[in-house]
Protein chains: 2
Amino acid sequence: MDITTVWEELAWERGGKIIYIILDGVGGLPHPEKGGTELQIAHTPNLDQIAQQSSCGLLEIVGPGITPGSGPGHLSLFGYDPLSWDVGRGILSALGIEFDLQPGDIAARVNFATLDEQGNVSDRRAGRIETDLNRRLCKKINEKVTLDFEGEYFFETVSEHRAVFVLRGKELDGQLEDTDPQATGIPPKDPKPSSEESEATAELVRSFINQVNQVLADENPANSILMRGFDRYVPFPSLNDRFELNGVCIADYPMYRGVSRLVGMEVLPRPGGMKQRFQALESCYGDDYNFYFLHVKHSDSRGEDEDFEAKVKVIEEVDQLMPTVTQLNPDVLVVSADHSTPAIMGRHSWHPVPVMIQAKTARIDDVATFDEYACLRGALGTRPGVHLIGLALAHAQRLRKFGA
Amino acid sequence: MDITTVWEELAWERGGKIIYIILDGVGGLPHPEKGGTELQIAHTPNLDQIAQQSSCGLLEIVGPGITPGSGPGHLSLFGYDPLSWDVGRGILSALGIEFDLQPGDIAARVNFATLDEQGNVSDRRAGRIETDLNRRLCKKINEKVTLDFEGEYFFETVSEHRAVFVLRGKELDGQLEDTDPQATGIPPKDPKPSSEESEATAELVRSFINQVNQVLADENPANSILMRGFDRYVPFPSLNDRFELNGVCIADYPMYRGVSRLVGMEVLPRPGGMKQRFQALESCYGDDYNFYFLHVKHSDSRGEDEDFEAKVKVIEEVDQLMPTVTQLNPDVLVVSADHSTPAIMGRHSWHPVPVMIQAKTARIDDVATFDEYACLRGALGTRPGVHLIGLALAHAQRLRKFGA
């Protein structure tokens, strides 16, 4: 029984505003020398004060032992169980660069890469080329590569070594394997179709890659491409369709802009900096929206860098800006994360993330600080990530009663 | 996977007695001035003493963020997941007044109401007419209204402005919309059928309402009726069928008598007062029954009145009578609620309710008081409401082992 469908039936157009402040990958593990997690060590008087006036708890974003990618992590927070709602990386990338995806389009994530003389991958990211070079190469590819079918392709820069590939036409399907071998010293893989419906598409992709290899033959280091996350775009029912929420997203990175667009949120221009995103929230707060998603990326980035102190600083920077949010006096304020990225691990992990919900109807518990250990004792307990939107809707008085 | 079906397979006819003391809507939120919830503020030495000898916890009755009506709330406590077991308000009302519903009957809740000269609803409850007037009007309607079909109708007083309407015949179906517009200043709605099977029934209902309007044309204030909660009666498997429980209900209000009857409990004559219901429990406690459901309504009523102090007094009144229950020395004593009705909200809410289970096999935790905050730390944790009956059955030694 998918509990989120019950909220769909109960949601109405009345009620208050919800703000989500999502610190990507903020969950952590205790540092052996520093004596605590990133959140425990960070000086966070504002977040702690909010915790003291909130219902707190932990969210298990996808499920026990399951490490979420940022896509599934955010879908969970928005009320789309990632185990039911699947979307390929290519779709998210395309949506993230404001590419106007149409239903039926096939999309894939692309990395410019380096192949050695034997045709083996020597650098899966072509040394992280500059965005300007990426643009030049895309232009060259768009000019020279042609596909023989009733349709068109698109090949566009995302940033650095990343691009996105879209096929639009009839009788296409996205069940193709990645060409990225996820390792060096071996050749790229075949975009093998895993269904009959995808065979024609596989042929087009092979032709595309072959031509790109010729076009880039003289280039260095980006002399090839690797493709992954093939998927066919089937639009999701929006947050408005499902929960009567008019959402807006304030984020920099294509992934989060993409997920937000996927669920029907409006996406504001890239804020560009930490202070700017909080200012953008303040500016857009009003009658147009009732659901506000503010995303902070660098808590995850510094965690992936294994830089504990830098991640602590990101958290502290956010904390200093929290009064901007509390001054808006939203009906429901939520602070959480899409997954943990403990600095001592240097990658996403499955550990539950802290969450707090501040609202007039919150059962305020005695959690005094916003961190993984204190929140364990909160009134919300440890819950699946998909519960969050339901609780937020309830606190915003946006759900009718169930039954007589 | 519906866990309650597993208990069906494991339940046997042996074992002890279970008492449920259900304080309707007792869950609350802290009062800003009084410094606690209704349960925290109330002086409850007896309930607290039971808590000290119990496993305690919280029940999330239907699901996160979901505010239960009392019908679904009680179904959950009895082991019928309200997300799977649906029953219209009309059915519950009819069962509640001891109407002898037959499988296939169509039932609806009725309010006597006032329409103005334009035919708009001016009072959805006709000023809450007296029960005697209700009876007179029902008699008049029964004498004068005829329906042209192979079957019969019933129209009976519940109390005050409330009545119940039942149709019995062939090829009837209950998928009709409410006629109650849930607002004043607009006309009643059409009992629109949402399926082909319900069209014939809709015609009969329209004819009924038209005739009633004529019959009541000279009446004031009750010159019309509003109908809601249409449903076709499909009997539920009883508590006996499912769990080998012979249940008895001690309650005043039709809703709870109705739900109890729906799940096959016997319903004792209305106790009428607080002390009387505890005396009735004492009187009926014996070999006839192994499951006792004692319901207290006024904790919910005072919550809905936003009267914090009065709700506290109801709780204290119950507390003073608890020795009657503990003296019976039941094998399993459960105290809980069907939902929260915080006085500071004045309506049902989604907040989890405290529960305690006293039994020889209870893992006694260190919860010292019966309230929402203390019970958060109890051995039962926070659980779905449907878990309660399974735990009670287990503690009553009424479930065999699962597997070898």
Side-chain angles (χ1 to χ4, degrees), chain A residues 1-12 14-15 18 53-60 76 79 81 243 332 334 355 357 359-367 375-404, chain B residues 1-2 27-30 32 37 57-58 60-76 81-93 109 178 182 228-229 231 255 258-259 338-340 342 344-345 347-352 372-373 375-377 381-384:
Chain A
M1 177 9 93
D2 181 357
I3 197 73
T4 69
T5 60
V6 182
W7 303 324
E8 287 181 32
E9 287 170 41
L10 302 179
W12 54 17
R14 317 184 222 168
I18 299 165
Q53 294 156 13
S54 294
S55 270
C56 302
L58 295 174
L59 296 178
E60 197 158 58
S76 170
D81 186 339
F243 308 127
V332 180
V334 171
V355 59
I357 303 178
K360 279 199 182 67
T361 44
R363 224 176 231 169
I364 298 171
D365 47 44
D366 51 22
V367 171
C375 286
L376 176 62
R377 308 264 163 255
L380 299 177
T382 298
R383 297 179 163 278
V386 287
H387 283 196
L388 181 59
I389 195 79
L391 292 170
L393 287 164
H395 281 293
Q397 323 293 334
R398 300 196 72 92
L399 298 178
R400 40 171 92 80
K401 189 166 81 172
F402 179 88
Chain B
M1 174 9 93
D2 182 358
L29 288 170
T37 67
L58 294 175
E60 196 157 63
I61 292 289
V62 178
I66 297 174
T67 295
S70 285
H74 279 82
L75 285 176
S76 171
D81 186 341
L83 298 176
S84 315
W85 297 92
D86 205 11
V87 62
R89 185 99 192 204
I91 303 292
L92 293 175
S93 295
R109 257 287 294 261
D178 295 352
Q182 296 283 347
R228 54 192 173 97
D231 202 3
M255 164 64 70
V259 175
D338 56 339
H339 54 78
S340 292
I344 67 163
M345 287 179 68
R347 56 182 177 88
H348 297 198
S349 80
W350 60 92
H351 300 84
E372 305 87 338
Y373 285 88
C375 287
L376 177 63
R377 307 266 163 255
T382 299
R383 298 178 162 279

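The figures here come from the full heavy-atom set of this structure, side chains too, leaving out hydrogens, waters and symmetry mates. Residue numbers begin at 1 in each chain, while the letters A, B, ... track the order of the sequences.
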| task | Against chain B, label A/L393 side chain, backbone, both or neither, depending on which of its atoms sit under 4.5 Å from a heavy atom there. | result | neither
| What do the steps show when you test B/S340 against A/R363 for side chain to side chain contact (heavy atoms under 4.5 Å, CB included), and what is the final call? | CA-CA 12 Å; B/S340 292; A/R363 224 176 231 169; 3.5 Å; yes
| request: Please state whether the side chain, the backbone, both or neither of B/P352 comes within less than 4.5 Å of a heavy atom of chain A. | output: both
| Contacting region of B/R109 [heavy-atom separation from chain A under 4.5 Å] | neither
| What distance separates B/I344 CD1 from A/K360 NZ, expressed to the nearest 0.5 Å? | 10.5 Å
| request: With a 4.5 angstrom heavy-atom cut-off, could you sort out which part of A/A392 is near chain B: side chain, backbone, both or neither? | output: neither
| said: For A/I364, is there any backbone N or O sitting under 3.5 Å from a side-chain donor or acceptor partner on B/Y373? | reply: yes
| message | Taking side chain as everything from C-beta outward and backbone as N, CA, C, O, which of these in B/P32 sits under 4.5 Å from a heavy atom of chain A? Side chain, backbone, both or neither. | response | neither
| Is there side-chain contact between B/T67 and A/L10, with heavy atoms separated by less than 4.5 Å? | no
| For atom CZ of A/R377, is the number of surrounding heavy atoms from other residues, nucleotides or ligands below 6.0 Å larger than 12? | no
| message | As an exercise: rank B/E372, B/H339, B/M1 by heavy-atom pairs under 4.5 Å with chain A and give me the winner. | response | B/E372
| Does some side-chain heavy atom of B/L83 sit less than 4.5 Å from a side-chain heavy atom of A/F402? | yes
| Nearest 0.5 Å, what's the NE2-CD distance between A/H387 and B/E60? | 6.5 Å
| task | Heavy-atom pairs under 4.5 Å with chain B are the metric here; pick the option from A/A394, A/S55, A/G378 that has the most. | result | A/A394
| field | Structural part of A/R383 lying under 4.5 Å from a heavy atom of chain B | value | side chain
| request: For chain A, find which of B/G73, B/G381, B/G28 contributes the most heavy-atom pairs closer than 4.5 angstrom. | output: B/G28
| note | Highest number of heavy-atom pairs under 4.5 Å with chain A among B/G65, B/P342, B/P64 belongs to B/P64
| request: Check whether any side-chain heavy atom of A/T361 lies under 4.5 Å from a side-chain heavy atom of B/S349, and answer yes or no. | output: no
